[in-house]
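To start, the structure under review is shown below, and the notes come after it.
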Number of protein chains: 2
Amino acid sequence: MAQRNQLKYIILGLLSEKKLTGYDITKAFDSDIGEFWSANHSQIYPLLKRLEDDALITHELELVGEKLEKKLYSITSAGKTVLREWLSEPTPEISATKDEFILKLYFIHSADDPLLLPMLTEQHQLHQAKLTHLKNQMSRKFPDETSQNNLGHFLILQHAIQRETRYTAWLQDIIDKVSR
Amino acid sequence: MAQRNQLKYIILGLLSEKKLTGYDITKAFDSDIGEFWSANHSQIYPLLKRLEDDALITHELELVGEKLEKKLYSITSAGKTVLREWLSEPTPEISATKDEFILKLYFIHSADDPLLLPMLTEQHQLHQAKLTHLKNQMSRKFPDETSQNNLGHFLILQHAIQRETRYTAWLQDIIDKVSR
DNA sequence: GCCTTCATGTAAGAAGTTACATGATTTC
DNA sequence: GAAATCATGTAACTTCTTACATGAAGGC
């Protein structure tokens with residue numbers, strides 16, 4: 001997606017909660033945000049510089065140990081405005097969910113294709129593992145049933161769990177039919 | 001996703017079924033494949049040239065009317081091998097589903113945020129429309145219950161319908177809770 | 001005749017991936 | 001002292017989007 005620079009808004013969104021280093025932001029894609037977006041540090045560091053040039057964020061230096069200087073970034077009021085504007089805009093596009101397995105499946109024309117069953121079981125295992133991971137995340141982050149502090153985070157986790165539950169059930173259903 | 005050139009395999013996959021022009025391939029992304037991948041003609045035409053350089057496809061010219069020459073592409077046996085290899089490879093990555101609405105939702109922390117309800121209703125409408133479209137596609141392409149000719153296509157349509165059904169139900173559920 | 005669709009390309013630039021590169025701090 | 005993690009960057013390259021550009025054929 002070489003377009004609206006959504007990564008920019010993710011960074012602004014994260015910084016609107018607390019001050020973070022580039023490294024912290026990079027790590028966020030391994031956990032929370034990783035469920036629905038990805039980014040590498042080589043993309044993040046240059047963008048942080050650009051956002052600072054545009055005065056949407058600033059940084060202060062924090063000394064760690066004796067020599068290492070961390071750059072602690074924080075959002076400016078201009079940055080908050082830009083973030084809020086983005087949130088306020090309509091989101092009229094449903095982007096195609098680029099799923100390589102689904103792509104491959106499209107080109108399997110017959111239930112007799114020997115590739116089909118291995119593909120299905122591989123994916124079932126993957127999505128089952130993901131589902132387990134998501135459920136762990138849920139019980140770690142929202143142990144009591146009231147999703148008090150962060151509604152959005154709760155909802156996207158709930159959504160991801162439902163999606164993976166549905167995905168694994170669908171795969172299982174095909175596996176049952178194919179192997180019968 | 002600047003990586004494994006999956007578009008290449010989509011083109012090979014489409015051409016393994018029948019001869020197509022670049023224009024036909026472009027159009028395929030408006031219907032069938034559009035459910036789970038996107039591409040513009042400006043990406044397709046240069047890639048067709050590259051694939052022909054690599055001898056994975058060839059073309060013949062077909063005269064339309066008096067002057068217009070269409071390039072009808074077809075897959076070579078080398079191309080078929082490459083396609084089959086791709087299908088045989090494991091697909092061990094679940095790519096993050098980049099959904100801008102989910103992204104925005106992540107940064108809505110409270111049920112009291114005035115942006116929440118409009119966002120939800122907008123998305124509900126969008127996904128409801130998509131669901132209707134998908135169901136129409138299904139009944140147009142697979143009118144009888146046996147999915148005889150093209151299993152893969154049937155399954156991905158089924159998957160998309162389930163996904164959108166789940167998505168709209170999830171949104172409706174939140175709307176009910178928020179507006180109560 | 002006019003408008004829509006068919007048909008094929010190129011150019012510029014943004015976004016994203018993979019690899020290269022370096023060094024400090026913490027933990028065991 | 002070694003290994004893992006913290007921390008920040010750049011370079012090269014591919015992919016993808018948006019816009020520019022042109023012209024033929026078909027339907028009304």
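Throughout, a chain's letter reflects where its sequence line sits, starting with A, and its residues are numbered from 1. Just so you know, these numbers use all the heavy atoms, side chains as well, and skip hydrogens, waters and symmetry mates.
Side-chain N/O atoms of A:Lys71 include one lying less than 4.0 angstrom from OP1 or OP2 on D:dG9. Considering only side-chain N and O atoms, B:Arg50 lies nowhere under 4.0 angstrom from the phosphate OP1 or OP2 of D:dT14. Taking only side-chain nitrogens and oxygens, B:Gln43 comes nearer than 4.0 Å to OP1 or OP2 of D:dC16. Look at A:Arg4 and you won't find any side-chain N or O under 4.0 angstrom from OP1 or OP2 of D:dT18. The side chain of B:Thr21 contributes an N or O atom lying less than 4.0 Å from OP1 or OP2 of C:dT8. Regarding contacts with the backbone of D:dA24, every side-chain N or O of B:Lys70 stays at 4.0 angstrom or more from both OP1 and OP2.
Using a 4.0 Å heavy-atom criterion, one finds that B:Lys8 contacts no nucleic acid atom at all. Within the 4.0 angstrom heavy-atom criterion, base atoms lie near A:Ser42.
Summary of the strand contacts: A:Glu66 and A:Leu7 both lie near DNA chain C, and taking for each the nucleotide with the nearest heavy atom, the more 5' one is attributed to A:Leu7. Heavy-atom distances to DNA chain C give each of B:Lys27 and B:Leu48 a nearest nucleotide, and the one nearer the 5′ end belongs to B:Lys27. Along DNA chain D, the nucleotide nearest to B:Gly65 and the one nearest to A:Asp24 differ in position, and the one closer to the 5' end is contacted by A:Asp24.
Distance A:Tyr23 OH to D:dT8 P: 9 Å, rounded to the nearest Å. The CD1-P distance, from A:Ile44 to C:dA14, rounds to 19 Å in whole Å. For the pair A:Glu100 CD and D:dT15 P, the computed distance is 13 Å after rounding to whole Å. Between the CG atom of B:Leu61 and the P atom of D:dA24 there is a distance of 17 Å, rounded to whole Å. We find that CG of B:Asn40 is positioned 18 Å from P of C:dA11, with the value rounded to whole Å. Here the C1' atom of nucleotide C:dA7 and the OH atom of B:Tyr73 are 12 Å apart, to the nearest Å. What separates CG of A:Asp30 from P of D:dC6 is a distance of 10 Å, to the nearest Å. Counting to the nearest Å, the C1' atom of C:dT25 and the NZ atom of A:Lys67 are 12 Å from each other.
Looking only at atom types and distance, the side chain of A:Glu100 has a donor-acceptor partner in the side chain of B:Trp86 under 3.5 Å away. For the residue pair B:Asp24/B:Thr21, the side-chain donor-acceptor check at 3.5 Å is satisfied. Side-chain atoms of B:Tyr106 and A:Asp32 include a donor-acceptor pair closer than 3.5 Å. B:Thr97 and A:Arg163 share a side-chain donor-acceptor pair at under 3.5 Å.
Each of D:dA24, C:dA19, C:dT26 was ranked by its minimum atom distance to the side chain of A:His41; first place goes to C:dA19. Counting only heavy atoms from C-beta on, A:Tyr45 has its side chain closest to D:dG9 among D:dG9, D:dA25, C:dG16. With D:dA25, D:dT15, C:dT25 as the choices, the nucleotide that has an atom nearest any side-chain atom of B:Asn5 turns out to be D:dT15.
Residues B:Phe36 and B:His159 keep their aromatic ring centres 6.0 Å or farther apart. Between A:Phe142 and A:His153, the gap from one ring centroid to the other is short of 6.0 Å.
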